[in-house]
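Here is the structure we will look at, set down as C-alpha cells.
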Amino acid sequence: MDQALFDLVYQAVARRDTRYDGVYYTGVKTTGIVCRPSCRARTPKPDNVAFYPSLEKALEAGFRPCKRCRPDEGGPLRPDAVLAAQADAVISAGYGERLTLSGLAGRLKVSAAHLHRTYKEVTGLTPAAKLDQVRLDKARGLLRFGRMPVSEIGRAVGFRGASHFAAWFHRHTGASPTEYRERIQGGTANEPEDNIPARP
Ligand SMILES: [Zn+2]
C-alpha cells in the first residue's frame with residue numbers, strides 16, 4: 001500500500017468513517033487485534049497500524065478479530081464498493097496527474113466500461129465527474145488562499161495548458177480562475193473567512 005492510500009484509509013480510521021469497512025481491515029500491532037476502519041475503539045497511532053485488503057490476510061498475519069466492531073461478522077465482501085473505494089483512492093492520490101478513465105481502469109485491472117458502470121452504481125457519479133469534483137475543490141482552495149499563479153494551479157490539478165484549465169474551470173463554475181480569485185479575494189480581505197462564499 002502506498003503512502004497516499006495509507007493516509008486516506010488512516011483518516012477514515014481517525015474519523016470512524018465507515019467508507020472503507022469491508023474494503024480494508026485495520027491490524028493494530030500493539031494489541032494484535034484486527035478491526036473495521038470505523039471501530040469506535042481508541043484510534044491507534046499510524047506507526048502501529050497495518051491495513052489488509054481482506055480479513056483473511058489479517059488473520060494470516062496473526063491478528064484476532066475485535067470483539068467490539070466484529071470485522072468477522074461483516075457479511076460477504078461487497079466487490080462493487082471495494083472497486084469504487086479503490087478508484088476513489090487512486091483519484092485522490094493522482095488528481096494532479098493526467099488521469100483518464102482507461103488509465104484508471106488499467107491501474108485497477110478492470111475494463112473501462114465495467115469501472116464506469118460500477119462506480120456510478122455505487123457513488124451516483126461517473127469517475128470523470130468525481131475527478132472533476134476533486135480537481136475543482138483543490139483549484140478553488142488554491143485560488144482562494146495565497147498567490148500561486150493560475151498556470152501553476154492548473155498544473156497542480158492535472159492540466160498542462162493554462163487555457164485548457166481556464167476553459168474547464170469556467171465551464172464548471174461560470175467564472176475564469178482569475179475572475180474567481182478576484183471575486184473571492186478582492187474586497188473580502190478584511191472580512192472573516194466564514195463570509196467568503198465557498199462557491200461563486
Ligand atoms: Zn474493533
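Just so you know, ligand 1 is whichever comes first in the structure, and atom 1 is the first atom listed for that ligand. Just so it is clear, the model here is predicted, and its values are computed rather than measured.
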| task | Determine whether the side chains of Gln11 and Arg19 contain a donor N or O and an acceptor N or O closer than 3.5 Å. | result | no
| Is it true that the side chains of Ser38 and Asp21 contain a donor and an acceptor less than 3.5 Å apart? | yes
| said: Walk me through whether Trp168 and His164 qualify under side-chain hydrogen bond (donor to acceptor under 3.5 Å, both in side chains). | reply: CA-CA 6 Å; Trp168 168 84; His164 186 194; over 6 Å; no
| request: Anything protein N/O/S under 2.8 Å from the Zn ion (ligand 1)? Just list residue and atom, please. | output: Cys35 SG, Cys39 SG, Cys66 SG, Cys69 SG
| query | Can we say Asp72 and Arg70 salt-bridge, meaning some charged N sits less than 4.0 Å from an Asp/Glu carboxylate O? | reply | yes
| task | Tell me, please, whether Phe159 has Arg135 positioned over its six-membered ring: NZ or CZ under 6.0 Å from the ring centre and within 45 degrees of its axis? | result | yes
| Are Tyr24 and Tyr52 an aromatic pair by the rule of ring centers under 6.0 Å? | no
